[in-house]
Amino acid sequence: MIRKIILTTILLSIVISEEIWNKKIPPSNYLKKFLILNEKENNKSLSYISYSLILIGGLIVSNKN
């Protein structure tokens, strides 16, 4: 009798866990806003870094001559 209860409990826990983990979780509004802001800031910082590296490279080349 105890074995049947244990087996039933194990089988039910497997089925319930599958139902829980296979559900889609909608993204939160906070994460959407955070992602959009970070993406905009990242694009600006990458452009600033690339322009500054070009400028520094030009200064190094001009100082060697």
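The structure presented is a predicted model; accordingly, all values stated were derived computationally and were not measured.
- In this structure, N63 CG and I60 CD1 are separated by 8.0 Å, a value rounded to the nearest 0.5 Å.
- Here L53 sits in one hydrophobic cluster together with I49; the rule is ILVMFWY side chains under 4.5 Å apart, joined directly or through other members.
- In this structure, I54 shares a hydrophobic cluster with no other residue, the cluster being traced through Ile, Leu, Val, Met, Phe, Trp and Tyr side chains under 4.5 angstrom apart.
- Take Y30 and apply the side chain to side chain contact (heavy atoms under 4.5 Å, CB included) test, not counting sequence neighbours, and it matches S28, F34.
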